[in-house]
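All remarks here apply to the structure that follows.
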Amino acid sequence: QVQLVESGGDLVQPGGSLRLSCTASGSIFTIYNMGWYRQAPGNQRELVALSTSRGNPNYAEFAKDRFTISRDNAKNTLYLQMNNLKPEDTAVYYCYASVRTSSVSATRAYWGQGTQVTVSS
């Protein structure tokens, strides 16, 4: 009963910017970790950035100087600001969240359907 919906993917020229959003809805008791993953054609799915309550976000090396992950817990929404986009950033970007749906349920992983980011002239 938990749904993650991404938005913001688009076609953009090299050097451009995009802001991705992911909103969680449904039976949510507590959201723990939220993150962004991506999968490019011919490649495996890889971590882009992970947001936890422990401290600083965890970024993949390629994202450290260009991307910023943030979250609005009141809105159950995760963001990814992507600047100076490169053709190699072209991929389907997926939202991830670990969610507890009640005080007596186990924590489970949920994934969004993905949003396409294409960086090309």
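Fair warning: this is a prediction, and the values are worked out from it, not measured in the lab.
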- The reported gap from CG in Leu11 to OG in Ser120 (rounded to nearest 0.5 angstrom) is 6.5 Å
- Query: Same cluster for Val92 and Val48 if Ile/Leu/Val/Met/Phe/Trp/Tyr side chains link at under 4.5 Å?
  - Reply: no
- What's the shortest heavy-atom distance between Met34 and Ala97, and which atoms? CG-CB, 4.1 Å
- Item | Thr107 side chain vs Val99 backbone, donor-acceptor pair below 3.5 Å | no
- Message: With rounding to the nearest 0.5 angstrom, report the OG to NZ distance, Ser25 to Lys75.
- Response: 15.0 Å
- Counting heavy atoms not belonging to Asp65, are there more than 12 under 6.0 Å from its CG? no
- Query: Do Arg100 and Tyr32 have side-chain atoms, one donor and one acceptor, less than 3.5 Å apart?
  - Reply: yes
- Message: Measuring centre to centre across the rings, with the benzene-like ring taken for any Trp, is Trp111 within less than 6.0 Å of Tyr96?
- Response: yes
- Would a 4.5 Å heavy-atom cut-off, applied to side chains only, mark Leu85 and Leu18 as touching? yes
- Task: Would you mind reporting whether Ser51 and Ser70 have side-chain heavy atoms less than 4.5 Å apart?
- Result: no
- Exam field: side chain Gln44 to backbone Gln39, donor-acceptor pair closer than 3.5 Å: no
- Note on the structure: To the nearest 0.5 Å, atom CG of Asn58 lies from atom NZ of Lys64 at 8.0 Å
- Query: Under 3.5 Å, side chain of Tyr93 to main-chain N/O of Ser7, donor-acceptor pair present?
  - Reply: no
- Where do Asn83 and Ser17 come nearest, in terms of heavy atoms and distance? OD1-OG, 2.9 Å
- Rounded to the nearest 0.5 Å, what's the gap from CD on Gln3 to OG on Ser27? Could you check? 12.0 Å
- Is there a side-chain contact between Ser121 and Gln13 (heavy atoms, below 4.5 Å)? no
- Message: Under 4.5 Å between side-chain heavy atoms, counting indirect links through other Ile/Leu/Val/Met/Phe/Trp/Tyr residues: same cluster for Tyr94 and Trp36 or not?
- Response: no
- Query: Relative to Tyr79, does Arg19 satisfy both conditions: NZ or CZ under 6.0 angstrom from the six-membered ring centre, and within 45 degrees of the ring's axis?
  - Reply: yes
- Are the side chain of Asp72 and the backbone N or O of Ala74 linked by a donor-acceptor pair below 3.5 Å? yes
- Message: Under the criterion side chain to side chain donor-acceptor pair (under 3.5 Å), I'd like the reasoning laid out for Thr77 against Thr23: C-alpha separation, chi angles, the key distance, then a yes or no.
- Response: CA-CA 4 Å; Thr77 299; Thr23 298; 3.2 Å; yes
- Is it true that the NZ or CZ of Arg38 lies under 6.0 Å from the centre of Phe62's six-membered ring and within 45 degrees of the ring axis? yes
- Message: Check whether Thr115 reaches the backbone of Gly9 with its side chain - one donor and one acceptor, N or O, closer than 3.5 Å.
- Response: yes
- Query: Given Arg71 and Asn76, is the side-chain contact (heavy atoms from CB on, under 4.5 Å) satisfied, shown in steps?
  - Reply: CA-CA 8 Å; Arg71 63 197 281 185; Asn76 291 331; over 6 Å; no
- Is there a side-chain contact between Pro14 and Lys86 (heavy atoms, below 4.5 Å)? no
- Message: Looking only at side-chain N and O atoms, does Thr52 offer a donor or acceptor that is under 3.5 Å from a partner on Asn33?
- Response: no
- Message: Would a single hydrophobic cluster contain both Tyr37 and Leu80, if residues Ile, Leu, Val, Met, Phe, Trp and Tyr are joined by side-chain heavy-atom contacts under 4.5 Å?
- Response: no
- Task: Determine, using the 4.5 Å side-chain heavy-atom cutoff (strictly less than), whether Ile28 and Val5 are members of one ILVMFWY cluster.
- Result: no
- Query: In Å and rounded to the nearest 0.5 Å, what is the CG to CG distance from Asp10 to Leu20?
  - Reply: 10.0 Å
- Are the side chains of Leu78 and Cys95 in touch, meaning some heavy atoms are under 4.5 Å apart? yes
- Query: Within a strict 4.5 Å, meaning less than it, do heavy atoms of the Ser103 and Phe29 side chains meet?
  - Reply: yes
- Query: Are Phe67 and Leu50 co-members of a hydrophobic cluster defined by side-chain heavy atoms under 4.5 Å apart?
  - Reply: no
- Ile69 CD1 to Gln81 CD distance, which is reported to the nearest 0.5 Å: 12.5 Å
